[in-house]
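Whatever order the structure lists them in is the order used to number ligands and atoms, beginning at 1.
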Amino acid sequence: MLRFNSNLLSFLRKAGKCFLHVWFPRVCFACQTDLPYDESQPLCAACRQQLTLPGPLICQRCGVELKSGGAHCFSCRGSKGEQFKCKCIRSAFVFNNSSRALVHALKYQGADYVASFMGQEMARCYARLPELSSAQVVVPVPLYPKRRRKRGYNQSELLARAFAAQTGLVLDTQCLIRTRDTCSQTQLGRRERLENMNGAFVCVTPQTINKKIVLLIDDVATTGATLEGCARALRQAGAKRVLAYTFAREN
Ligand SMILES: [Zn+2]
Ligand SMILES: [Zn+2]
């Protein structure tokens with residue numbers, strides 16, 4: 001009887017999925033081809049294959065790709081990155097068609113459910129990053145409250161949740177807040193971006209990160225200015241060390 005019921009249940013589940021698929025076909029976020037009705041991922045198999053790990057030629061501090069090799073990029077070179085509070089930035093994937101499609105779906109298309117796939121992928125790639133393995137507390141980059149209300153969620157928090165659930169690391173979504181709605185940074189240079197982030201973040205519960213190694217989580221790293229702004233606030237509040245991990249790396 002039990003067996004019959006579970007068979008019936010699985011049949012009904014499949015039939016339901018099939019029915020939904022006919023009426024609301026799901027498409028791959030990157031290439032827009034129809035996904036099979038039993039596909040649970042947001043990308044088709046071919047686009048998933050294109051999610052690319054960053055190569056070995058990256059800046060040891062900020063993770064930017066260095067086409068001609070070397071240990072540090074131009075801006076980290078001076079003191080081997082010692083001038084920065086965020087000691088190491090790594091990303092699961094390079095910014096390409098596939099990773100960009102997921103980031104856009106999450107940020108601009110309200111597709112909050114892609115975060116679980118992205119967070120799981122981040123956890124899978126994390127195992128290859130010994131530079132980040134000392135992390136003790138996971139902290140998402142916060143959004144300004146008004147922006148968060150508009151989007152309905154903080155995409156970095158969803159990623160951090162899925163990532164922490166997979167890795168078993170402690171998650172702290174309360175300790176860091178954004179006190180200023182920093183203007184869009186796309187028009188600003190590297191130095192201006194860093195200045196723009198001055199005092200934009202505050203740690204409101206220093207006791208939870210005191211003497212801890214914090215791992216900041218964000219969707220994309222571009223110049224690392226946002227991560228640096230967060231790291232300054234966390235270090236000021238007593239964090240022992242701040243590292244960062246993002247889903248994608250834009251160079
Ligand atoms: Zn595709
Ligand atoms: Zn660098």
Could you tell me if the side chain of [Y] sits less than 4.5 Å from the side chain of [X], heavy atoms only?
X    : Y    : answer
L176 : C230 : yes
V94  : R249 : no
C76  : F84  : yes

Inset, instruction - Please check if the side chain of Q32 supplies one atom and the backbone of F29 the other of a donor-acceptor pair under 3.5 Å. - result: yes

Inset, instruction - Please answer whether the main-chain N or O of K85 pairs with a side-chain N or O of E228 as donor and acceptor at a distance below 3.5 Å. - result: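 Judged by distance alone, yes, a pair lies under 3.5 Å.
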
Legend entry - Salt bridge flag under 4.0 Å for residues E82 and R61: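 Answer for the salt bridge query: no.
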
Legend entry - Protein N, O or S atoms under 2.8 Å from the Zn ion (ligand 1):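 If we list every protein N, O or S atom nearer than 2.8 Å to the Zn ion (ligand 1), we get 4.
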
Inset, instruction - Give a rough value, rounded to 10 degrees, for the angle at the Zn ion (ligand 2) between atoms SG of C73 and SG of C59. - result: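 The two atoms form an angle at the metal of about 120°.
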
